[in-house]
Amino acid sequence: MAVTRRVKIVCTMGPATKSPERMLGLVEAGMDVARMNFSHDTLENHKEMYGLVRAAAEKAGRAVAILGDLQGPKIRLGKFADGPHRWETGDRVVITSEDILGTRERVSCTYTKLPHEVKVGDRLLIDDGKVAVEVTDVEGEDIHVLVTEGGPVSNNKGVSLPNVAVSVPALSDKDEEDLRFALKLGVDLIALSFVRAPEDINLVHKIMDEEGRRVPVIAKVEKPEAVEHLEAIVLAFDGVMVARGDLGVELPLDQVPLVQKRAVQLCRENAKPVIVATQMLDSMIENSRPTRAEASDVANAVLDGTDAVMLSGETSVGKYPVLTVSTMAKIVTTTEAGGMGVPRLQHDPRTHGGALTVAASQIARNIGAKALVAFSQTGDTVRRLARLHCDLPLYAFTPVSEVRNTLALSWGVDTFLTDFVEHTDDMFRQVDAKMLGLGLAKPGDYVVVVAGSPPNAPGSTNTLRVHQLGTLVDPATV
Ligand SMILES: Nc1ncnc2c1ncn2[C@@H]1O[C@H](COP(=O)(O)OP(=O)(O)OP(=O)(O)O)[C@@H](O)[C@H]1O
Ligand SMILES: CC(=O)C(=O)O
Ligand SMILES: [K+]
Ligand SMILES: [Mg+2]
């Protein structure tokens, strides 16, 4: 069988992805997860984008998950009346909490308490640190600042205050509205920005329960507080995104690479998916080829053991969205084909699912099985298999379509939707039908199956079976 890519690709949606042809191009080039960034754009446009993703995935016959990324407690500049501007070093401008349409000299910000929480001398960083200003005076709602590092400013750019503890709530009114909207729309996963504590997930769950729909919640690690409580956050949330854009502003930049490695390993130990994000192929926003350093960055994230790598501006507003995805896919597959492997798990799994999956992958390799197969109703067993990064194909079977979509984020997994079955033998019949029917293996080949028996009892993983294909279904009938 052809070598397939194992590390998944997340693409951020934006103006550059907004046509059926472009979207299909992205899916065919390898997009596994579409990220809708609620920091930008109108709900109406997000709805349209959602439809485009679902239609393209359907047309291409690929599982594509949709991730709704909530803005979280990020302070942003407001909008300008007259387009992007440049603030030059030495300029004096005003950032105000008054709700105005901005000019080059005076622009609003989204956090109305900001003038009360900054002091003279505080440094504010705009757009992931591309522009820096220093507070020189506060007058009512106006913060007077001196531009210390000039650069471009435009609508909705982020404002970070690295050493100022601001009291913004974990979930703003806008986040709550966006979350309800995303859940109703049908997104598969939610990401919460600027997570500071494990308990931040409770606010999200509360809204989800009010809407009657819980989906996995990814913690975006981009605050020093999150780095401090990383393990507790990994345990509380369903996955992690290493959001290096804000992380590199909020934390000294030189600490970002090690945080990335620690987060990836912690997620694998806990069988939670992890995404490495931001600036991975940044220069491809403008250019048709990435830098050598960017190619290495993608490859190194693969070798760290990440589940997924993410594209941001490269796909949302870049000149070459489809080419960027195919370039990323190529770097990933070439790196994987090198066979260098990833760091070992630091612990010996003790849960039934954990122990059975370790045994399954070892048995599969030793007997020359063609694939690993997992039956799962929650996806948990599948994630426990995925984290081992076994070089055999990994096929997941689930009767729950939401689970199929969320597994699009997990390393190396291909997922099939199956019927609910009553008897254990029916599970193996489904494996035969799917694998022989799709030509994934031949009659007589062995696969190693991890499942719960009887079927339909979530969390009951107790069965490991070496199964010979074609023994339950007459090969002539598939
Ligand atoms: N839907 C959109 N409409 C207009 N501009 C967009 C849109 N999405 C992204 N952009 C522009 O592309 C830039 C990069 O996109 P990206 O999604 O990485 O946003 P970001 O603000 O850096 O992310 P985050 O807020 O999650 O840290 C944004 O800063 C914005 O200028
Ligand atoms: C993705 C994101 O939010 C960041 O890198 O900051
Ligand atoms: K966001
Ligand atoms: Mg961010």
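One-based numbering, in listed order, for ligands and for the atoms of each.
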Inset, instruction - Quickly, which of Thr136, Val145, Asp137, Val147 forms a side-chain contact (heavy atoms from CB on, under 4.5 Å) with Arg92? Name it, please. - result: Thr136
Inset, instruction - Mark up the atoms of ligand 2 that fall under 4.0 Å of a heavy atom belonging to Thr278, in ascending order. - result: 1 (C), 2 (C), 4 (C), 5 (O)
Inset, instruction - Check the side chains of Ser193 and Asp69 for a donor-acceptor pair under 3.5 angstrom, ignoring hydrogens and angles. - result: yes
Legend entry - Check: Asn287/Lys319 side-chain N/O donor and acceptor closer than 3.5 Å: no
Legend entry - Region of Lys74 engaging ligand 2 - heavy atom pairs below 4.0 Å: neither
Inset, instruction - May I ask you to check whether Gln279 and Arg244 show a side-chain donor-acceptor distance below 3.5 Å? - result: no
Legend entry - Proximity of Asp246 to ligand 2 by residue part, where a heavy atom lies under 4.0 Å: both
Legend entry - Any Met310 heavy atom less than 4.0 Å from ligand 2: yes
Inset, instruction - Show which atoms of ligand 2 fall inside a sub-4.0 Å distance from at least one heavy-atom site of Glu222. - result: 2 (C), 3 (O), 4 (C), 6 (O)
Legend entry - ligand 2-proximal atoms of Arg244, by part, heavy-atom distance under 4.0 Å: backbone
Inset, instruction - Compute the ring centroids of Phe181 and His46, then answer whether they are less than 6.0 Å apart. - result: no
Inset, instruction - Pull out every atom of ligand 2 sitting under 4.0 Å from any heavy atom of Arg35, numbered as shown with elements. - result: 1 (C)
Inset, instruction - Provide the atom name of the closest N, O or S atom of Asp69 relative to the K ion (ligand 3). - result: OD1
Inset, instruction - Could you tell me whether the side chains of Thr96 and Glu141 share a donor-acceptor contact shorter than 3.5 Å? - result: no
Legend entry - salt bridge (Lys or Arg N to Asp or Glu O under 4.0 Å) between Glu336 and Arg5, worked out: CA-CA 8 Å; Glu336 289 171 343; Arg5 178 171 44 84; over 6 Å; no
Inset, instruction - Could you tell me whether the side chains of Thr381 and Thr461 share a donor-acceptor contact shorter than 3.5 Å? - result: yes
Inset, instruction - Could you tell me the angle subtended at the K ion (ligand 3) by OD1 of Asn37 and OG of Ser39, rounded to 10°? - result: 70°
Legend entry - OD2 (Asp246) - the Mg ion (ligand 4) - OE1 (Glu222) angle, nearest 10°: 100°
Legend entry - N or O contact, Asp69 vs ligand 2, cut-off under 3.5 Å: no
Legend entry - Contact (N/O only, under 3.5 Å) between Gly245 and ligand 2: yes
Inset, instruction - Considering the heavy atoms of Ala243, write down every atom of ligand 2 situated less than 4.0 Å from one of them. - result: 1 (C), 2 (C), 3 (O), 4 (C), 5 (O), 6 (O)
Inset, instruction - Evaluate whether atom CZ of Arg104 has more than 12 neighbouring non-hydrogen atoms of other residues, nucleotides or ligands under 6.0 angstrom away. - result: yes
